[in-house]
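Just so we're clear, the structure is a prediction, and the values are computed from it rather than from any experiment. Because only heavy atoms are used, hydrogens play no part in the values below, and waters and symmetry mates are left out as well, while side chains stay in.
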Amino acid sequence: MASLLCGGTALLASLGVYALIDVTLGTVFASAFVAGLVSIAAGPTARNVREVALVSAAIAIGASAVLLLAISDQPSLAWPGVQLLSLLVMLSAMTISATGALSRLIGEAVARAMMTIALLAWLAGPAWFSPWFGTPMGAWMIDHAFAYHPLMSLNGAYSALGDWSHSPIAYKHLTNLGQDVLFDLPPNVWKSAALHGAIALAATTTTAICSQFRRRKDKLS
């Protein structure tokens, strides 16, 4: 039931995005925001690996279904579509697992608030970190961290839709990437998907171990 509700919510949100901007690189990026934000709401409801996997898959399908159907007549975008779906599953799993783990430590409301801030900061990183891209630390970020960032890796997969740093809004207001600072887009999403999947696995495993210890403690007391 939770997976259907979350998947339906993601689908409705993606329909709204598609109605506003049609098929653009912004639609691709919006699918990541939709998947992440819906996953935060679902986090405390997924209590084991099976539930995390089911809810993550439902959210990823819901967040990407409209876009994938809209570009289904373009064979060149089929493989990027597979990459999009894979990354959204891992991003959703990470967000659900981390939110669930935090909820058990600090409560659901605070956990959801913290995860919302963290998720938005992570996804919007290339924009707010822009003033420092010209520094040595920024150069290191470009060379080593971009491949793990969801939006940068999705831009690499969907390079046929353009480069986000050359869009009017990004070019004028958000970033100096591609202008003062040169960079190469990641060729695919697999490093980013692996990173988010590893964090999801670690959070889920930690939560499961803590739950087992708590149950054993309750039996002994």
Main chain of [Y], side chain of [X]: is a donor-acceptor contact present, judged purely on distance under 3.5 Å?
X      : Y      : value
Ser3   : Val55  : no
His149 : Trp122 : yes
Ser72  : Leu69  : yes

If you look at every heavy atom in [X] and [Y], which pair is closest and at what distance?
X      : Y      : answer
Ser97  : Val52  : OG-CG1, 3.7 Å
Ser64  : Leu88  : CB-CD1, 3.8 Å
Val189 : Gln83  : N-OE1, 3.1 Å
Leu123 : Pro150 : CD2-CG, 3.8 Å
Pro186 : Ala147 : CG-CA, 3.6 Å
Ala70  : Tyr18  : CB-CE1, 3.8 Å

Passes side chain to side chain contact (heavy atoms under 4.5 Å, CB included), Trp79 versus Asn188? Steps please. CA-CA 10 Å; Trp79 181 236; Asn188 53 57; 5.9 Å; no
Distance check, rounded to the nearest 0.5 Å: [X] atom [atom1] versus [Y] atom [atom2]?
X      : Y      : atom1 : atom2 : result
Phe33  : Ser14  : CZ    : OG    : 15.0 Å
Thr207 : Leu105 : OG1   : CG    : 8.0 Å
Leu161 : Ile71  : CG    : CD1   : 7.0 Å
Leu119 : Thr95  : CG    : OG1   : 5.5 Å
Leu4   : Thr9   : CG    : OG1   : 10.5 Å

Evaluate Ser153 against Trp190 for side chain to side chain contact (heavy atoms under 4.5 Å, CB included), listing each step before the verdict. CA-CA 8 Å; Ser153 60; Trp190 303 124; over 6 Å; no
Does [X] have any side chain to side chain contact (heavy atoms under 4.5 Å, CB included) partners at least two apart in sequence or in another chain, and if so, which?
X      : result
Ser103 : Pro44, Thr99, Glu108, Ala111
Thr116 : Leu37, Ile40, Leu120
Ala10  : Val34, Val38, Ile59, Ala63
Thr205 : Leu201, Ile209

Could you pull out every donor-acceptor pair under 3.5 Å between side chains of residues 23-32 and any protein atom, sequence neighbours left out?
residue, atom, partner, partner atom, Å
Thr24, OG1, Gly26, N, 3.1
Thr24, OG1, Thr27, N, 3.4
Thr24, OG1, Thr27, OG1, 3.4
Thr27, OG1, Asp22, O, 2.4
Thr27, OG1, Thr24, N, 3.0
Thr27, OG1, Thr24, O, 3.4
Ser31, OG, Val28, O, 2.4

Keeping to residues at least two apart or across chains, list the ring-ring contact (aromatic ring centres under 6.0 Å, His included) pairs with something in residues 82-101. none
When clusters are formed by joining ILVMFWY residues with side-chain heavy atoms under 4.5 Å apart, either directly or through shared neighbours, do Ile61 and Val66 land in the same one? no
Tell me whether Met90 shares a hydrophobic cluster with Leu54, the cluster being built from Ile, Leu, Val, Met, Phe, Trp, Tyr side chains joined at under 4.5 Å. no
Evaluation steps, side chain to side chain contact (heavy atoms under 4.5 Å, CB included), between Ser56 and Ile96: CA-CA 8 Å; Ser56 299; Ile96 290 170; 3.6 Å; yes
